[in-house]
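Note sheet for the following structure.
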Amino acid sequence: MSAATLPSSDVIPAHAPGMISNILTLAWRELRDALRARSFLLYSLAFLALGLGVSYVSAAGTGSLGLSGFGRTTAGLINIVLLVVPLMALTTGASAIAGDRERGMLLFLLAQPVSRLEVVLGKFLGLSGALIACITLGLGACSLVLAWQGGATEPRTMLWLASLSVLLALSMLSVGMLVSALARKASVAVGTGVFLWLALVFVTDLGIMAGTLALRLPVRSLFFLTLSNPLQAFKMWALHSIDASIDVLGPAGLYAMDTYHDTLPWMFGTSLAAWIVLPLVAAALIFRTRSPV
Amino acid sequence: MIRIDHLTKTFGKFTAAADISLSLARGESLALWGSNGAGKTTIIRCVLGLLSFQGTIRVGGRDVARDGKRARSLIGYVPQELAFYDDLRVWEAITLFARLKNVARVDLDATLDHVGIPDQGGKRIRELSGGMKQRLALAIALLGDPPLLVLDEVTASLDVCGRAELVALLGRLSGQGRSLLFASHRADEVTSLAQRVLMLDKGKATAEVPVSQFVARLGAGSVLHLHMPEPSRPIAIELLRGHGFAPTLNGVGILVPVPATQKAVPLRLLAEARLSVDDFELLSPRDASLSQENHA
């Protein structure tokens, strides 16, 4: 017999808060906590320092070479983003649920009138805010340095790079939260996050190269394998945006330009969107069945 | 307020709660009593919808498994030890949980005063003592004035003084029409706060008894024979019943079964209520029974 079929006198009116309200409350709490965390500060400083270094060197080296100089700077920044942002997002996401579970905080939180989906979405939203703040700070400071050094800056390109970096950060945050939902201990979750970062940044490229040589993969498969790595999807999209070409990526890039020219941005976008949505959905489903202790 | 039917919870091959059924009416208090591993915490976590389980649990008529969020909005929960963001200030924690509990306005001073930690709003949680943390957890639990309090061995991490103070505070709160479900392995707490006791052993319910029988079953208790003027006896009986004792009238006074560690509690309660006691004596349960028979 459901509550709805019970005599009305037996059902006590309950005033649980709405889903959006709970998500925003939890997100705000998460954002505040993340921005105060020492690890987050260190990541932000590292991102800032590397980004400023690249900007300064590029600007100093190119003088007033104009757009090509800025393009070179942007390419340098893409590599910095590829290194720092996934590591930051993966480890942040990985400790989000597992850390709270280990400290016993999840138990107390879930004993309140909140659903598990609200907790996952609240954490995701809050941590996304913190990552966006970090990326905006890093790339914003780089733009200022470039402007100060007299190098050509193109705010639109910088904004676009920041937007793509945010998408990459969200995809890695989503993967990190999936790891966190699966892991029992925060240390295991963060360790797995670092391992995944290594795999996505270094091992996947080498694996695809080795697989292509060993299995004689057709160039089409090579392109789709590359596209399936969110870091590569980000890189291709960013380079495509600067140069309207991804020829620098070799045969796969040439093939993609020839075959999918106009639809390429959609393909990159779909890849990154899938990496944001699918791991987050999986994290929510797994978290629903997991004990909070 | 709570209805549990055939609750079974297993962790792999280990059965933490086996076919538990119980009900708790509005304003009633029930203790889950047993040693460590008896299944008390498991039952509480199932009531909160934190663990999946077999059977059905309804809180305020709402199925915990299907409508957990609404069911939990009727519950104020106090854990064994408050574990939350230590860097939060007390007022921030109260505000956060007030939002999660859909409480529009909170009078912070009154909230903290109510649980005996006035002027602590600006402190960070990590700066609070164990007893203060438990009082903060209780303040959070009471936000929105929920009709049911669920307590999981709330005094386990406290010293003797902290324990006595918290139990006295809970005693005052439970007498306000609120239902109370709590886990404890301390007989003094059970006799102070509960009206009924579900005795658990290795995940199984071995008995559900009124607190007076619980004391008798423990076997370690005594019976306090209070000699009192006749007019004050009914008032004294009502007062002691309100505090979980099971007094009965006896020719020249009242017989109150008390556990070994609670012999003076009825005397203190009566003194606080300004009810005079002419004399008293401690009897064994057997002697008390004989005394009752003689007067009958």
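Quick note on labels: first sequence line is chain A, next is B, and so on, each numbered from 1. Quantities reported herein were computed from a predicted structural model and do not represent experimental measurements.
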For this session: Anything in residues 81-109 of chain A with a heavy-atom distance to chain B below 4.5 Å? Please list those residues in order.
Result: A:Asp100, A:Arg103, A:Gly104, A:Met105, A:Leu107, A:Phe108, A:Leu109

For this session: Could you tell me which non-hydrogen atom of B:Asp87 sits nearest to which non-hydrogen atom of A:Arg36, and how far apart they are?
Result: OD2-NH1, 3.0 Å

Exercise. Taking every heavy-atom pair that is under 4.5 Å apart, which of B:Ala137, B:Ser73, B:Pro79, B:Gly144 has the most such pairs with chain A?
Worked result: B:Ser73

For this session: Give the member of A:Leu110, A:Leu24, A:Thr289 that has the highest number of heavy-atom pairs under 4.5 Å with chain B.
Result: A:Leu110

Problem set entry | Atom CZ of A:Arg38: over 12 foreign heavy atoms under 6.0 Å | no

For this session: Under 4.5 Å, heavy atom to heavy atom: which of residues 162-192 of chain A reach chain B? Give them by number, or say none.
Result: none

For this session: Give a yes or no on whether B:Glu81 atom CD has more than 12 heavy-atom contacts from other residues, nucleotides or ligands under 6.0 Å away.
Result: no

Exercise. CG/A:Leu26 to CZ/B:Arg99 distance, rounded to the nearest 0.5 angstrom?
Worked result: 11.0 Å

Seminar exercise, completed: Result for side-chain contact (heavy atoms from CB on, under 4.5 Å) between B:Asn102 and one of A:Ser21, A:Pro17, A:Pro113 points to A:Pro17

For this session: Determine whether more than 12 heavy atoms belonging to other residues, nucleotides or ligands lie under 6.0 Å from atom CZ of B:Arg124.
Result: yes

Problem set entry | Whether over 12 other heavy atoms sit under 6.0 Å from B:Asp119 CG | no

For this session: Check whether B:Arg3 gets within reach of chain A through its side chain, its backbone, both or neither, counting any heavy atom under 4.5 Å.
Result: neither

Problem set entry | Spatial distance of atom CZ (B:Phe97) from atom CZ (A:Arg29) [nearest 0.5 Å] | 9.0 Å

Seminar exercise, completed: Applying a strict 4.5 Å limit to non-hydrogen atoms, the region of B:Glu92 in contact with chain A is side chain

For this session: For residues A:Val114 and B:Lys69, report the shortest heavy-atom separation together with the two atoms involved.
Result: N-CG, 4.1 Å

Seminar exercise, completed: With chain A, the option among B:Val59, B:Leu82, B:Leu100, B:Val78 that has the most non-hydrogen atom pairs under 4.5 Å is B:Leu100

Exercise. Are B:Leu88 and A:Arg32 side-chain neighbours, meaning at least one heavy-atom pair lies under 4.5 Å?
Worked result: yes

Seminar exercise, completed: Ranked by heavy-atom pairs below 4.5 Å to chain A, first place among B:Ile75, B:Leu74, B:Leu50 goes to B:Leu50

